[in-house]
Amino acid sequence: MEEVAVVVAHHDCATLRVGDVFLKVDADQTRTDVEVEAMARAPIPTPRVLWRKPPVLALAALPGTALGRLGEPSTASSAAWVAAGAAVRKLHDAPLPPWPGRSRDEITSHLDHECEWLITTGVLPSELVTRNRQVAEAALRPWTPVFTHGDLQTSHVFVDGDEATGVIDWSEAAQGDALFDLATLTLGHQEHLGDVVAGYGADVDLDVIRAWWSLRSLRAVRWLIEHGFDPSAPGCEIDVLRSQL
């Protein structure tokens with residue numbers, strides 16, 4: 001029998017790996033609906049759906065390995081990062097999915113709520129939160145919606161050598177800001193931003209990328225703590241916030 005490995009498990013969902021099959025168990029089947037539909041619409045390689053029996057979704061493994069992990073140096077080549085940027089551009093050029101993402105007002109409200117919590121609870125120094133909230137403001141400008149992945153962290157992008165082989169975890173895909181995806185991909189891996197932008201092949205406002213680094217990190221800290229993760233680990237979200245000072 002194949003060994004069962006727990007990839008991730010928290011209050012909302014769990015992912016198990018059995019050989020070359022991933023089993024995703026989610027209490028909210030709306031997220032699974034989005035994932036399956038987004039993968040069907042995406043113009044880039046995604047995991048093959050083997051079967052679905054709610055609350056379980058079975059997916060085939062992608063070839064290759066993850067582009068990187070937050071908090072760890074990436075061993076992927078510069079060319080692999082360029083290829084990842086090109087794949088993101090192909091996604092963003094695709095027709096929009098029919099469902100909307102979060103509005104700027106919703107994002108701003110959530111951001112302010114999280115900043116207040118971080119300061120009130122003393123989880124982070126007020127000056128660190130205040131400075132990053134100021135940086136984050138640049139991301140809260142009007143944008144033209146594109147087909148975004150919504151959670152394009154390096155562990156969700158797979159490469160084999162210098163080639164991008166696919167992207168996993170599409171449950172947050174929606175219409176959104178292209179620069180949010182690029183910022184998520186390079187969060188904690190700022191040294192590869194130039195490669196990603198080169199592969200993306202379009203003018204990119206780097207100040208907005210940095211703003212999304214702050215915004216995503218501020219919004220993530222409480223969720224990570226409450227779900228058993230450590231945002232203060234070296235190279236992770238709190239270090240990203242400190243790097244903005």
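Position 1 is the first residue of the sequence, and the numbers go up from there.
Atoms CH2 and OG1, from Trp170 and Thr32 in turn, are 15.5 Å apart once rounded to the nearest 0.5 Å. The CD atom of Glu237 sits 10.5 Å away from the CG atom of Leu218 when rounded to the nearest 0.5 Å. The CD1 atom of Ile119 lies 5.5 Å from the OG atom of Ser126; values are rounded to the nearest 0.5 Å. One finds the CG atom of Leu118 at 10.5 Å from the OG1 atom of Thr130 (value rounded to the nearest 0.5 Å). For the atom pair CG (Leu215) and NE2 (His110), the distance works out to 10.0 Å, reported to the nearest 0.5 Å. Atom OG of residue Ser232 and atom CG of residue Leu241 lie 11.5 Å apart, to the nearest 0.5 angstrom.
For Leu59 against Pro47, the heavy-atom pair with the smallest separation is CB-CB, 4.0 Å. Counting all heavy atoms, side chain and backbone alike, Ala94 lies closest to Pro43 at CB-CG, 3.6 Å. Of all the heavy atoms in Pro97 and Phe147, the pair that sits closest is CD-CG, 3.7 Å. Residue Asp26 comes nearest to Asp12 through the heavy atom pair OD1-O, 3.6 Å, listed as atom of the first residue, atom of the second, then distance. Shown here for Arg89 and Ala202, the closest heavy-atom pair between the two residues is NH1-CB, 3.1 Å. Minimum heavy-atom separation, Val123 to Val221: CG1-CG1, 4.1 Å.
For the residue pair Asp105 and Ser103, no side-chain donor N or O sits within less than 3.5 Å of a side-chain acceptor on the partner. Side chain to side chain, Asp160 and Thr165 fail the donor-acceptor criterion of an N or O pair below 3.5 Å.
Put simply, the residue from Gln134, Gln244, Glu137 that forms a side chain to side chain donor-acceptor pair (under 3.5 Å) with Ser214 is Gln244. Between Trp81 and the options Thr154, Asp162, Val157, a side-chain contact (heavy atoms from CB on, under 4.5 Å) holds for only Thr154. Here the rule is side chain to side chain donor-acceptor pair (under 3.5 Å) with Glu114, and of Arg133, Arg219, Arg222 only Arg222 fits it.
Under a cut-off of 6.0 angstrom, the local environment of CD in Glu191 is crowded, with over 12 non-hydrogen atoms contributed by other residues, nucleotides or ligands. Counting heavy atoms of neighbouring residues, nucleotides and ligands inside a 6.0 Å radius, atom CZ of Arg48 does not exceed 12 of them. The number of heavy-atom neighbours closer than 6.0 Å to CD of Gln190, taken from other residues, nucleotides and ligands shown, is above 12.
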Please step through side-chain contact (heavy atoms from CB on, under 4.5 Å) for the pair Leu179 and Arg141, ending with a clear verdict.
-> CA-CA 11 Å; Leu179 298 192; Arg141 84 284 177 228; 3.7 Å; yes
Are Lys90 and Val88 close enough, and set up right, to give a side-chain contact (heavy atoms from CB on, under 4.5 Å), and what steps lead you there?
-> CA-CA 5 Å; Lys90 190 173 183 180; Val88 178; over 6 Å; no
Evaluation steps, side-chain contact (heavy atoms from CB on, under 4.5 Å), between Asp169 and Glu35 = CA-CA 7 Å; Asp169 284 1; Glu35 177 154 21; 4.2 Å; yes
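Residues Asn132 and Trp213 are not in side-chain contact: their nearest non-hydrogen atoms beyond the backbone lie 4.5 Å or more apart. In this structure, the side chains of Leu187 and Ser217 come closer than 4.5 Å at one or more pairs of heavy atoms. Using a 4.5 Å cut-off on side-chain heavy atoms (C-beta onward), Asp181 and Val146 make no contact. A 4.5 Å side-chain heavy-atom check between Thr75 and Thr65 finds every atom pair outside the cut-off. Residues Val8 and Phe229 meet the side-chain proximity criterion, which asks for heavy atoms closer than 4.5 Å. Within the 4.5 Å cutoff, the side chain of Thr148 has no heavy atoms near those of the Gln175 side chain. Within the 4.5 Å cutoff, side-chain heavy atoms of Phe180 are placed close to those of Arg216. When side chains are defined from C-beta on, Leu124 does not count as touching Trp117, because their heavy atoms never get closer than 4.5 Å.
Leu91 and Leu96 end up in different hydrophobic clusters when Ile, Leu, Val, Met, Phe, Trp and Tyr side chains are linked at under 4.5 Å. Put simply, Leu128 and Trp212 are part of the same group of oily side chains (I, L, V, M, F, W, Y) that touch within less than 4.5 Å, one to the next. Hydrophobic clustering, with ILVMFWY side chains joined whenever heavy atoms are under 4.5 angstrom apart, groups Ile44 together with Leu152. Put simply, Ile209 and Ile107 are part of the same group of oily side chains (I, L, V, M, F, W, Y) that touch within less than 4.5 Å, one to the next. In the hydrophobic clustering of ILVMFWY residues, with side-chain heavy atoms under 4.5 Å counting as a link, Ile168 and Val6 come out apart.
Formation of a donor-acceptor pair under 3.5 Å by the His156 side chain with backbone atoms of Asp151 is found in this model. Side-chain atoms of Gln153 do not come within 3.5 Å of backbone N or O of Arg69 as any donor-acceptor pair.
Aromatic ring orientation, Trp223 versus His227: parallel (interplanar angle below 30°, classes split at 30° and 60°).
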Donor-acceptor pairs under 3.5 Å, side chain of residues 14-21 to any protein atom, not counting sequence neighbours: which ones?
unit_1 : atom_1 : unit_2 : atom_2 : d
Arg17  : NE     : Gly19  : O      : 2.7
Arg17  : NH2    : Asp20  : OD1    : 3.4

